[in-house]
2 protein chains.
Amino acid sequence: MTAPSQAPTQACADDVVSIGDAAKATGVSTRALRYYEEMGLVRPAAHSPGGHRLYAPAQCARVRRIRQLQDLMGFNLAEISEILANEDRLDSLRDEFHRHEDPAHRLRIAEEALTVMSDLDARVEAKQKRLAEFRQAISERRRRAEVVAAELQQEAP
Amino acid sequence: MTAPSQAPTQACADDVVSIGDAAKATGVSTRALRYYEEMGLVRPAAHSPGGHRLYAPAQCARVRRIRQLQDLMGFNLAEISEILANEDRLDSLRDEFHRHEDPAHRLRIAEEALTVMSDLDARVEAKQKRLAEFRQAISERRRRAEVVAAELQQEAP
DNA sequence: GACGAATCTCACGCTTACGTAAACTATCAG
DNA sequence: CTGATAGTTTACGTAAGCGTGAGATTCGTC
């Protein structure tokens with residue numbers, strides 16, 4: 001198993017930053033970082049001997065991803081947790097794929113990846129559909145109003 | 001001004017129901033109904049002499065609309081409040097439109113309706129756009145995986 | 001090694017959207 | 001008129017997603 005961004009690896013030792021710098025780099029508060037960790041969303045790449053959290057670029061990217069899913073797409077942390085789990089699974093499947101040569105094995109991996117992506121997609125599709133319907137309803141009323149307005153423009157210019 | 005679903009009219013006297021029946025009819029709790037009222041989203045059509053809330057079909061429809069915007073589209077009550085205000089405004093513009101014959105006046109009404117609808121649409125468009133981008137990203141990865149899987153199918157059937 | 005800044009771990013506070021219990025009152029069947 | 005049922009207000013409880021100290025440690029710098 002290899003969930004890259006989430007793995008509790010002892011870090012590449014290099015380019016890890018403190019929680020404060022990670023916060024600045026991602027635009028979230030240190031409190032939020034600790035909260036995400038508590039919720040199992042992002043674990044520091046390592047800890048200093050004294051117990052301070054250390055974040056590698058991968059973790060910062062993960063945090064930015066979390067905010068994206070939150071702010072821009074309106075998922076809650078529970079949903080985000082599942083989505084990230086799926087994405088992590090995809091990454092690990094990629095790794096596994098490249099580590100094996102056997103076509104039959106690769107096929108099984110590719111197929112699992114496809115189901116995971118279907119799951120991800122379905123999750124979003126539902127949300128998107130509602131919005132599309134809503135916009136449809138608005139745009140219909142809008143077109144009718146535009147026709148009326150155009151007619152009135154002719155009548156009383 | 002005529003905001004149909006929201007007007008504190010003394011009701012059509014007919015077919016108004018108690019809060020309990022309104023709750024059953026809309027699928028929300030009585031607590032939620034009182035909360036929506038407190039937040040200024042839905043006012044009962046009338047009250048019984050003893051002070052009990054009475055809901056007409058229009059209010060029930062409004063409540064269902066609220067849940068739709070909440071559950072299916074992920075708006076919070078503050079946003080919903082604004083959306084409903086816009087929709088109420090559209091309704092009252094419709095009424096006003098039909099009460100006046102003057103083309104110039106009608107044109108002004110139609111134009112305001114158009115701006116209100118633009119506002120409503122813009123609100124949703126942003127949300128929808130994010131979701132579309134997300135799905136796009138997924139479907140690209142998906143297509144690549146499908147190609148790989150197809151190739152492997154050939155190789156090891 | 002000392003000192004200020006940054007982190008650490010509790011731990012309580014805040015907002016949203018209600019749930020839930022308490023103590024009364026209104027409505028309706030009989 | 002009498003319950004039983006349903007409704008009313010008031011008010012505290014809850015889960016999510018952090019904000020904000022408090023008091024103790026640790027880090028980086030001189």
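Reckoned from all heavy atoms, side chains included, excluding hydrogens, waters and symmetry mates. Each chain gets a letter, A, B and so on, in the order its sequence line appears, and its residues count up from 1.
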The side-chain contact (heavy atoms from CB on, under 4.5 Å) partners of Ser139(A) (sequence neighbours excluded) come to Arg143(A)
Side-chain ion pair, Arg65(A) and Glu87(A), N-O less than 4.0 Å = yes
Between the main-chain N or O of [Y] and the side-chain N or O of [X], is there a donor-acceptor pair closer than 3.5 Å?
X	Y	answer
Arg62(B)	Leu41(B)	yes
Glu82(A)	Glu79(A)	no
Ser118(B)	Leu114(B)	yes

Measure the distance from [atom1] on [X] to [atom2] on [N] and round it to the nearest whole Å.
X	N	atom1	atom2	answer
Ile80(A)	dC18(D)	CD1	P	9 Å
Tyr35(A)	dA16(D)	OH	P	6 Å
Leu41(A)	dA16(D)	CG	C1'	12 Å
Glu38(A)	dC10(C)	CD	P	10 Å
Met39(A)	dA15(D)	CE	C1'	11 Å
Glu79(B)	dA17(C)	CD	C1'	14 Å

Quick note, Asn76(A) side chain, CB onward, closest among dC27(D), dG17(D), dT27(C) is dG17(D)
Quick tally for nucleotides 4-14 of chain D: nucleotides whose base has a protein heavy atom under 4.0 Å get B, sugar-phosphate-only ones S, the rest -, giving ---SBB-B---
_Phosphate OP1/OP2 of dC18(D): any Gln70(A) side-chain N/O under 4.0 Å_ = yes
Are Val116(B) and Val147(A) grouped together when hydrophobic residues (ILVMFWY) are joined by side-chain heavy atoms under 4.5 angstrom apart?
no
Judged by nearest nucleotide, the residue sitting upstream toward the 5' end of DNA chain D, Ser29(A) or Ser48(A), is Ser29(A)
